[in-house]
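All chains are named by letter (A, B, ...) in the order of the sequence lines, taking the proteins before the strands, and each is independently numbered beginning at 1.
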Amino acid sequence: MIGHGGWKWAGRAALTLIVAALLALFLLFVTLPVASLFLRISPEAFFRSLAESVVIDALTLSLATATVSTAVVVLFGTPLALVNARHDYLGREIIDTLTDLPIVLPPAVAGIALLMAFGRRGVVGQYFDAFGISIAFTTVAVILAQIFVASPFYIRQARASFEAVDRLYEDAARTLGASPATVALRITIPLAWSGLVSGAILSFARALGEFGATIMFAGNFQGRTQTMPLAIYTTMQGDLDAAISLAIILVVISFAVIAAVKVITRRSV
Amino acid sequence: MIGHGGWKWAGRAALTLIVAALLALFLLFVTLPVASLFLRISPEAFFRSLAESVVIDALTLSLATATVSTAVVVLFGTPLALVNARHDYLGREIIDTLTDLPIVLPPAVAGIALLMAFGRRGVVGQYFDAFGISIAFTTVAVILAQIFVASPFYIRQARASFEAVDRLYEDAARTLGASPATVALRITIPLAWSGLVSGAILSFARALGEFGATIMFAGNFQGRTQTMPLAIYTTMQGDLDAAISLAIILVVISFAVIAAVKVITRRSV
Amino acid sequence: TTTIEAPEETTLTVFTAASLTGAFTDIGKAYEAQNKGVNVELVFDGSQALRTQIEQGANVDIFVSASTKHMQALQDGGFMNNSTVVPFLENNLALIVPADNPAGIKGLADLNRSGVKLVIGTKDVPFGDYTRQMLENLAADPAYGPAYRDAVMGNVISEETAVSSVVPKLALGEADAAIVYKSDVSKDDLDKVTRLDIPAVYNVKATYPLGILAESPSKTEAESFIAFVRGPDGSAILTEYGFDPISAEQ
Amino acid sequence: MLSVHAVRHLRDFVLDITLSVRPGETLVLIGENGAGKSTVLNLISGILTPDEGEITLAGRTLFSSAERVAVPAENRKIGHLFQSYALFPHMTVAENVAFGLRCRKVPRPEIAFTVGNQLRAMNLADLADVNVSRLSGGQRQRVALARALVLEPELLLLDEPLAAVDMRAQAAMRGELRDRIRVAGIPCIVVTHNLRDAVELGDRLCLIDEGRVAAEGSPEEVLGMRENGFIASFAGPQAP
Amino acid sequence: MLSVHAVRHLRDFVLDITLSVRPGETLVLIGENGAGKSTVLNLISGILTPDEGEITLAGRTLFSSAERVAVPAENRKIGHLFQSYALFPHMTVAENVAFGLRCRKVPRPEIAFTVGNQLRAMNLADLADVNVSRLSGGQRQRVALARALVLEPELLLLDEPLAAVDMRAQAAMRGELRDRIRVAGIPCIVVTHNLRDAVELGDRLCLIDEGRVAAEGSPEEVLGMRENGFIASFAGPQAP
Ligand SMILES: Nc1ncnc2c1ncn2[C@@H]1O[C@H](COP(=O)(O)OP(=O)(O)OP(=O)(O)O)[C@@H](O)[C@H]1O
Ligand SMILES: Nc1ncnc2c1ncn2[C@@H]1O[C@H](COP(=O)(O)OP(=O)(O)OP(=O)(O)O)[C@@H](O)[C@H]1O
Ligand SMILES: [Mg+2]
Ligand SMILES: [Mg+2]
């Protein structure tokens, strides 16, 4: 299956070519729209946007909140996925499916749901409010919204990766004196590493792009809750081209962050 | 690590309890908002909604389009992920990161990007238009929007699953006379199965919940492009409770579909 | 103008309908420039979303709605300080077409031609509701008639929930025409989209109300801000953005 | 002293074994493929849990269904060489061997020293920094053995420890293994299909058949039971 | 007739081997762990590609760097038993054995018949529907052997084929293997660390050392080279 440039292959070239063409088509389909965005604006307009305070605020907020929410998702999602991958308890599949639900909720509905749960009048939020803690319309709300919508992406992939790890290695580690925590940290997680990174990237990307739940649950306050997608939306009300500039900034920065994460995590394994 | 109800454990109970409590908290966080939605409406209102033609149209359209778009994503994404997992070519990581980009685009921007690529005046769309083919505002546009936003979720997970398959099995299959296609179909894909299913579920769920790109690229027309999320958003403008009913319908149906897929695919392995 | 020297900074949170994004951003800046110590925090979203947020407990001083319906709902719910709620703006519908106008639309009379791709609002959002009222007005006029209305509705390819998803479709030339508010086409977009006025006889006026929230802790500052919006400076900005301010004396 | 009584229901038969091994003694398990030899080792090391029974090692109860005790595998201090090696694929040879010491929080310099010695003793020093996925079959087995031995466990369980090791190294390792066990004075169980292992390592031989002890005794005694078909072919055409 | 000349750069040394095996002949490869025995088999079966060289089997050129030919592994018609078995973990025993026949599009009833025979011949009939992850080590190896043999390949490459098989089955399988190779009249290469395999299966013996052929000849000849330390320990204390 590994290419041998120049060797004779028995009639497999045609198939390879067709597959390659189809894949190129698909790649084109995914990248062309993104590329079209770039055609629309001039480099000057792009760099001008980068210097605006709204953009700087929004970009900082987006990167900070997406990082925090991804960290929370990884912190809680990893043990959850590990438990679900390794322990067979009653109701496991139900919990597994429950954790997926946020994906199907249209984000605006997710925002309403979050308000109804954690808002000042919410099922739980009212008790927080009694202690003077309000969550909605704060930066914390942005993070919660992102956790809510992005967590399934990490958890799902983490579970699949953990399931792919052969138990034999865990058994061997235990006979060598590793406690369950050590087994998880030193054996299972490293062996599932590429899947976990991949899931974290998905989740981070989803958090960065989150719009509907954030604007509903956290509101649209510059510097506090206005992330890049909200800034893009707000700009779009007046100036489509400026909004596209912002979108390109988001795409470029995300691309850079994701690529960097891939390089860093690959090296460390 | 497997529980032994009733056996003495040396001081591990406390740790287990703390972990369990944290996980329960996290689960609560994810499920509580969804549950809050349920508190909001009465069962009668719910069943009344189910019978409305808008809802039936939207639900049918949603399920049909999400199924088609997931199928397309799986069809194209599987070979792409396999190639990226198994072949090391120049630019592989760039292509890999490119396929992720749709996640970070806020959906509305994704919709604009799709218009700019495949719309009447789009980079590619203008040539289609010359042949009298128009994509925007059709059911096809709904499907394209879903493919665009949902494909990264499948491709990313598929690649991680393929990478987790030991090459030894593929080598053994080849010495037994299996062509590369047979190896992929009979060895690699079955061994990566649970990850692939998991990725397809993510992608299906994301397609079902898709709103922003759809309304921008396909518009909002009952029976043609009005999927459930669009119907929910439209209803929300007039009647929040009715919108929540619709959201619950979407959640329940999605839950059922995802659970069914899990059961069916688990059995077949 | 009076400069109120507040001992510490007051923040006024103003929930503003998305269609006022440009105008209120300018107004906010102008007001802050004149009133040191007051920080105007503007939050833009659809009126319906803002209403939901208020109902769910958002801390807001002023609500500026694009429709009387959502304001009324909040008044009925006891969220507003009812005596402060006033209509302050009018807006009219306008027909917009892409700058190069591929379908050659010169006015309402062209909207019923077959093949015209028309985008309007859904009946639940104000601009969609008013569009339907306008079509009824046209149907009642023998010059157009019910057949005209039906043909126009037959040309609708999408019923949008927000203006923000309409204008890009026109700006990118995807649709041939749309009916939105006059003010929805911003200065920046005027090179991509042409606005055609709709005769006043058929047009439907939208009224924008604003008001102070019952729970607002900064009622005096809020009143002062509203006075500014309705005063000469505010009106000038609003007019510039295509709105018709209702003068405070009425 | 290790003493084991364990019952466990397997797919085809019920495994029901009673064994005891004295410190410094090596018990060799022989038997057909699928007789349950590896399962016995798994039950002892704690990878599997018996349905019933009792396992004690050096006075500690590791498992007792009567007292509801089950010491987790990581606290049993048992060195277990798996039949399929189970080397950690994400680590180098040295990291694999160091793993157990790290779990015991041995200081780093001491780990380096101990591991270095162990690798030299097993002729693996050249391979210390090689990733285990790049080893030959026999090299893997030696690494797995080194990984178990370096912990100086209180009991050694070796599942076909020399099957993939080349002949020259086999002879050397067999000698080293025997010496180590004698010196350490710990009990040891070796599973093998190799007559030389049985004769040269075993103080006692135990034939497992369908989950039960079919014969037990000194190598001479057991290998002398020519009436048993398995032993006849194990001992080979010529008498041992 | 198989003839091989292959050069490949490995981590520690350059493998450079020239071999030939006649139909019906069995060549036994012996050598230290890491000498390159498994690598030779991988080069022949097409899992690895030589940097240089030529491989021909029964008149077909399988690989030639001069002619830029590299027949893909799946078209080489070579039965390859891997040292680590490589049984497909998602299939039962019967499905594993049937895999190659299915790839060749043999009709289903014929597959069932052939696989049934093969399983019976290898004493695996009881395990036909068992998932391979539930097999013992020796059972696995037998399944892997059955999977390679059932295809009636034009060349057999067996990497330590009996290492994990129990003694009784070893004797039987060794006999069966020898008969099969004779009857099929195909060349066969066996890697082993077992003296009995070498003596009973091998028509010729070849000692590999650091990627090169260090000695070659009839078993008697090679095992007689007592001056070679490896052979001395391989052949054991008593002469073969
Ligand atoms: N994971 C498992 N699940 C279910 N059954 C298993 C499992 N592993 C092994 N078995 C079955 O249990 C029985 C005993 O297996 P075990 O591995 O203990 O045999 P063994 O004596 O070690 O054989 P070998 O000499 O081939 O290694 C066999 O019948 C085997 O098929
Ligand atoms: N995947 C690999 N990548 C790099 N080097 C490898 C790989 N597999 C094996 N090697 C190295 O190549 C050399 C030859 O290995 P090979 O597996 O052919 O040995 P062998 O003769 O079969 O040994 P054994 O008797 O232990 O099975 C060894 O030094 C080994 O470490
Ligand atoms: Mg075994
Ligand atoms: Mg080998």
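Side chain of His80(D) to backbone of Asp171(A): no donor-acceptor contact under 3.5 angstrom is found.
Among the residues in residues 94-110 of chain D, those with a non-hydrogen atom closer than 4.5 angstrom to a non-hydrogen atom of chain A are Phe99(D), Gly100(D), Arg102(D), Cys103(D), Arg104(D).
Interface remark: Leu151(D) contributes side-chain atoms only to the contact with chain A (heavy atom separation under 4.5 Å). Only the backbone of Leu87(D) comes within contact range of chain A, with heavy atoms under 4.5 Å apart. Looking at Thr175(A), both its backbone and its side chain come within 4.5 Å of chain D, counting heavy atoms on both sides.
The number of heavy-atom neighbours closer than 6.0 Å to CG of Leu185(A), taken from other residues, nucleotides and ligands shown, is above 12. Heavy atoms from other residues, nucleotides or ligands lying under 6.0 Å from CZ of Arg22(D) number 12 at most. Annotation for Tyr127(A): atom OH does not count as buried by contact number, only 12 or fewer foreign heavy atoms lying within 6.0 Å. By the neighbour-count criterion of 12 heavy atoms within 6.0 Å, atom CZ of Phe255(A) is densely surrounded, having more than that number from other residues, nucleotides or ligands. Few gaps surround CD on Glu93(A); more than 12 heavy atoms of other groups in view lie less than 6.0 Å from it. Residue Phe113(D) places its CZ atom among 12 or fewer non-hydrogen atoms of other residues, nucleotides or ligands, all under 6.0 Å distant.
In terms of heavy atoms, His90(D) sits closest to Pro190(A) at CD2-CB, 3.2 Å. Scanning all heavy atoms of the two residues, the minimum distance from Ala172(A) to Phe82(D) falls at CA-CE1, 3.5 Å.
Counting only heavy atoms from C-beta outward, the side chains of Phe88(D) and Leu191(A) never approach each other to under 4.5 Å. Contact of the Ser45(D) side chain with the Arg174(A) side chain is not registered, since no non-hydrogen atoms from C-beta on lie closer than 4.5 Å.
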